[in-house]
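Since the structure comes first, as structure tokens, the remarks are kept for the end.
Below, all heavy atoms of this structure are taken into account, side chains as well, without hydrogens, waters or symmetry copies.
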Protein chains: 2
Amino acid sequence: MSLLESSQTDFHDPRLATSRADLLAALRAFLPTDAVLEHEEQVRPYECDGLSVYRQLPLLVVLPRTVAEVQRVLRLCHERQVPVVARGAGTGLSGGALPVGDGIVLSLARLNRILALDPAARTARVEPGVRNLAITEAAAPHGLYYAPDPSSQIACTIGGNVAENSGGVHCLKYGLTVHNVLAVKFVTMAGELIELGGAAPDAPGYDLLALYIGSEGMLGVTVEVTVALLPVPERAQALLAAFDDTERAGHAVGDIIAAGIIPAGLEMMDGPAIQAAEAFAHAGYPTDAAAILLCELDGTLEEVAELTQQVRDLLLASGATLVQVSRDDAERLRFWKGRKSAFPAIGRLAPDYYCMDGTIPRRKLPEVLRRTAQLAAEYRLPVANVFHAGDGNLHPLILFDANRPGELERAEALGGRILELCVEVGGTITGEHGVGIEKINQMCVQFSPAELAQFRGVKQAFDPLGLLNPGKGVPTPRRCSEYRQLSGSAGHQHGAGASH
Amino acid sequence: MSLLESSQTDFHDPRLATSRADLLAALRAFLPTDAVLEHEEQVRPYECDGLSVYRQLPLLVVLPRTVAEVQRVLRLCHERQVPVVARGAGTGLSGGALPVGDGIVLSLARLNRILALDPAARTARVEPGVRNLAITEAAAPHGLYYAPDPSSQIACTIGGNVAENSGGVHCLKYGLTVHNVLAVKFVTMAGELIELGGAAPDAPGYDLLALYIGSEGMLGVTVEVTVALLPVPERAQALLAAFDDTERAGHAVGDIIAAGIIPAGLEMMDGPAIQAAEAFAHAGYPTDAAAILLCELDGTLEEVAELTQQVRDLLLASGATLVQVSRDDAERLRFWKGRKSAFPAIGRLAPDYYCMDGTIPRRKLPEVLRRTAQLAAEYRLPVANVFHAGDGNLHPLILFDANRPGELERAEALGGRILELCVEVGGTITGEHGVGIEKINQMCVQFSPAELAQFRGVKQAFDPLGLLNPGKGVPTPRRCSEYRQLSGSAGHQHGAGASH
């Protein structure tokens, strides 16, 4: 079954031409010419996001500059029942910004101003199109930074981070987007401006802010975000440890966490990932290791010195064959350079790769790595593993060549099997990339029909006509029953790991 | 306008007798005799919660022992459209567990088992009727504890904590209930069992767990909670500082936070509160001080020693007239004894008191204290102030005598004015006690009609017939328009303090 069940209309379909022309005229009536893209060559760059195996041209692309323009665009689309897919930088990895053929893409790229930065309150109020890293750059003169750091932080926008509840290397200690955002303003599909959250520790009424963060553009269009900033730690130090088998590395992760240490980052890479990263970034990784761990510690000088010694001892006791402590910031950044470029590095090994994103209970790491390797052999596709080990958040990368007949389908099927393995061991089908279009079938495995009905009820409360990002995130009952028939799945298995 | 707009039916109303008898028979068909309370003297203890100024007898009280029984009770009530008010220990302070006259009270007190405690994963899976402190007691042999510690922790249940998103003295550093709960199982009004959350850092689909926590019993009935446990810190130390004016104490709070220190607790008491607490608890407080600050620091030995020195210097630089550092754990607990017994201590000063719960941006502390004193004079009622200063979470206690005609109404009106003052300076109408029945009118001030409509939409998605805890939390449009007319309020003012 194709993942694209919604409106697969052709850009040149004559039936759409009239409605597109009408919509274009109505938009042009209040937007400047350069704010509406209509020609195929203009619209082409918006046909996919970071999950480029799925592509779809939208009807039109609209690029408003103000909140009032966003409201007018949404009111118009609401009135005419035109679907709307909001888009930040398009770096998402689950197809959350994939257009629908009979709808518009609403790009927030031009709402890109930092509205206020309050060093005393340690907050920044920004428009959704501001890049993640630009917030940290603006805060740096005050000794502050914005903590969540997805790999794409140089390009991705805060609006997209809110949509996906993005994490990053540092989310083990500093949390996901939801833990670092204080308030959001969004526009409903009907054009109403809604304000959620604030500076207070708790909010009266239901916690719609937490509900909204990570809702993948299905509940509203974000037009303003207030983030919390953190003081840059006095000191940061990284340790690099090599292991001759992945299982031992997995146990070392558990030992560090069990000792009550919360590293700023705790990452693992397996052999294929190490070799690819080293060839690309020359980070000084031991290419003969079966696995490496990168562990960053931050805090005051004394704290970091004490923790570094503790972690070093734990790593050696866990059977690390080599432990290096960064001697200065240049070396620390070199350790991370390999990890941060792992995805493009692995990308050089094959024409295409498919980055998975599942979570598992930490103690299941060795088992899941072993079974992933078995699945990879079964589907005859190489898999490299890079992951946020401290969180139990896996990123297996499946390498394939979409030009070879059948490989895309095999990669998709293997990806699905890996996610279902995550659910089976008590994990979930997404750690930080969202469901989007990519994992919509696995939602049928993760949740019961009653739980999915509850999701649909919430969606309906925000967007009764179902015009915002249709076909993403939450599967229809029909999709689930078809998927269950096709896959022979025995129904849902809820993944509340720790408690079962 | 009375806060009690819903079904004010009389317990002896003959029109209810038949339906009550029918319901009783239907409940008795599957529940043991002692699980349904029907007589007035049995039902009387359930007529109010900690907000005892509002009282209402329910139709019946039901005390199931199993999840299956909870499901059957809810299915039956759903079928017969009987309202249901869930109740834990009844220690809530906003009337969230106040019965409705034509509905049942569903007590979760008998679902009180600790189902699992996993010291390695640092989690406990418990039934909703388990007391907050009982979790910490069970975890203590493993060197672990459950962080959120409301003043009522000896009595209040984890199910009630989930309903109210409870905080406590330590939530400045360790967060509210929502930050310490990993998963919840609840039963919908229609009787479906739903599981939210898990051990993974992010969850696929909308974040219904965060939405559910703090939803005041209006979305479902909690039947199981998985909490995160924390390691007991190696060391804890408290500082007691006295000030000769409250403004200076308020600035000292800002100085500590601005220095990047996150104390485990940072509490302030004003003159009347100090005097009452000292007379009651003999904590050694300086009774001539205009305000005292209590600051607790925890962590490793070195960390606490370093932070204690830093906080001591900051307090003296802020103009503290006295700074005492606890010499041992006995002295530390003595410092806290006064704070923890402040409410009953103040309770001795007048026959009744009304504990408010608002939040404000920290920098507004001096202004709000001054204007609260002016309002107290205007309404001719004494007000003592005890608050979580680090969070900007105020607990003004209004002293009155309900037996004197007009005093209850004056206390209620003064409380409303204080909450509206919180909103005016950019704060919110509840920090940790919830909206319940108490603050339902102020919701009309806090939120716009579009925002309130969004809350109602979410409620409808979970409980379409509106049978769960009716009349609480989210006001009807009619209530808001009446309240705005009566109070001459100019509409809502959104309180996203830090960003405005």
Contact origin within [X] toward chain B - heavy atom pairs under 4.5 Å:
X: A:Arg122; value: side chain
X: A:Leu219; value: side chain
X: A:Ala120; value: neither
X: A:Val474; value: side chain
X: A:Gln442; value: neither

Nearest 0.5 Å please: distance from the [atom1] atom of [X] over to the [atom2] atom of [Y].
X: B:Glu192; Y: A:Ser448; atom1: CD; atom2: OG; value: 7.0 Å
X: B:Leu209; Y: A:Asp207; atom1: CG; atom2: CG; value: 10.0 Å
X: B:Glu451; Y: A:Leu196; atom1: CD; atom2: CG; value: 7.0 Å
X: B:Ile194; Y: A:Leu452; atom1: CD1; atom2: CG; value: 9.0 Å
X: B:Glu302; Y: A:Thr300; atom1: CD; atom2: OG1; value: 10.0 Å

Determine yes or no for a side-chain-to-main-chain donor-acceptor pair under 3.5 angstrom, with A:Gln454 supplying the side chain and B:Ala461 the backbone.
->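 Between the backbone of B:Ala461 and the side chain of A:Gln454 there is a qualifying donor-acceptor contact (under 3.5 Å).
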Contact winner vs chain A - [options], heavy-atom pairs under 4.5 Å:
options: B:Thr188, B:Leu211, B:Leu115; result: B:Leu211
options: B:Gln460, B:Lys459, B:His388, B:Arg456; result: B:Lys459
options: B:Gly205, B:Gly473, B:Pro231, B:Pro119; result: B:Gly205

Name the region of B:Val458, side chain, backbone, both or neither, that has any atom closer than 4.5 Å to a heavy atom of chain A.
->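 Its backbone and side chain both get close to chain A.
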Partner chain B: residue of A:Leu172, A:Leu208, A:Val435 with the largest heavy-atom pair count (under 4.5 Å) =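 Among A:Leu172, A:Leu208, A:Val435, the one with the most close pairs to chain B is A:Leu208.
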Are side-chain heavy atoms of B:Glu216 and A:Tyr206 found at a separation under 4.5 Å?
->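 No, side chains not in contact.
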Do other residues, nucleotides or ligands put more than 12 heavy atoms under 6.0 Å from A:Ile262 CD1?
->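 For A:Ile262, atom CD1 is not crowded (no more than 12 foreign heavy atoms under 6.0 Å).
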